[in-house]
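What follows is one structure encoded as structure tokens, with my remarks underneath.
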Amino acid sequence: MAEVLTILQEFDVFGNGDASPYGIDTPKINAQFVGVAPAVAFDVHNQPKLARANERKLRDIEKAIRAQFQTQLNTLGGPDLAENLDVIQRLIVTFKDRLEQDLLVPEQLELESLTTSGEWLTYWQDEAPLVRAKEQQRTNLPKDF
């Protein structure tokens, strides 16, 4: 019986990866796969990873998703919360559908979980009472902080 391995992959939604400024946690979709050889291989550190052909397929899926949602991602962060959440939801569902359609292999590679992390741009109500109170507290802090 083959050993079933877990592979973690991170999809940086905006595609800038390590190029983002320090302290900015850009939105990411984290995919956790389980699989066996030949869909799974090992890297030079003996850690499980997707086989080379599957890595290429995953990169192609990521590029296609970014291209498909480029216009919506550029306008993300506007004042319409429902519209922003709809874009995020459609992006995640489309990503999941593409993984299932183009990458997963029955009995070899399956999707175990799909989670999100980072700072998803939704809606900030700058004039809300608590937001103004927080900003007031920030301006009243001593300058040595």
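Numbering of residues begins at 1 and proceeds along the displayed sequence.
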State the [atom1]-[atom2] distance between [X] and [Y], to the nearest 0.5 angstrom.
X      : Y      : atom1 : atom2 : value
Leu91  : Ile88  : CG    : CD1   : 8.5 Å
Phe95  : Ile29  : CZ    : CD1   : 5.5 Å
Glu112 : Thr6   : CD    : OG1   : 5.5 Å
Ile61  : Gln101 : CD1   : CD    : 8.5 Å
Asp12  : Asn30  : CG    : CG    : 10.0 Å
Leu73  : Gln68  : CG    : CD    : 10.0 Å

Minimum side-chain heavy-atom gap [X]-[Y] below 4.5 Å:
X     : Y      : answer
Ile65 : Arg98  : yes
Leu99 : Leu114 : yes
Arg66 : Phe14  : no
Val87 : Arg90  : yes
Glu3  : Val36  : no
Asp25 : Lys28  : yes
Leu5  : Phe33  : no

### Pair Asp60 + Arg56, salt bridge at N-O below 4.0 Å
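Salt bridge: no.
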
### Task
For Thr94 and Lys96, test the side chains for any donor-to-acceptor distance below 3.5 angstrom and give the result as yes or no.
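Result is no, nothing qualifies.
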
### Query
Which heavy-atom pair separates Pro38 from Ala51 by the least distance, and what is that distance?
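Where Pro38 meets Ala51 most closely, the heavy atoms are O-CB, 3.4 Å.
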
### Task
Answer yes or no: is there a donor N or O on one side and an acceptor on the other, between the side chain of Asn54 and the main chain of Ala39, under 3.5 Å?
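Yes, Asn54 side chain to Ala39 backbone: donor-acceptor pair under 3.5 Å.
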
### Message
I'd like to know if the side chain of Asn74 and the backbone of Gln70 have a donor-acceptor N/O pair within less than 3.5 Å.
### Response
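Such a contact is found between Asn74 side chain and Gln70 backbone.
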
### Message
Applying the side chain to side chain contact (heavy atoms under 4.5 Å, CB included) criterion to Pro48, which one of Leu8, Val40, Val34 satisfies it?
### Response
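Looking at Leu8, Val40, Val34, the match for Pro48 under the side chain to side chain contact (heavy atoms under 4.5 Å, CB included) is Val40.
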
### Task
Would you kindly confirm whether Phe42 and Leu109 end up in one hydrophobic cluster when ILVMFWY residues are joined by side chain heavy atoms under 4.5 Å apart?
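Linked, Phe42 and Leu109 end up in one cluster.
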
### Task
Kindly determine whether Glu55 and Leu50 satisfy side-chain contact (heavy atoms from CB on, under 4.5 Å), including the steps that lead there.
CA-CA 6 Å; Glu55 281 185 350; Leu50 293 176; 3.7 Å; yes

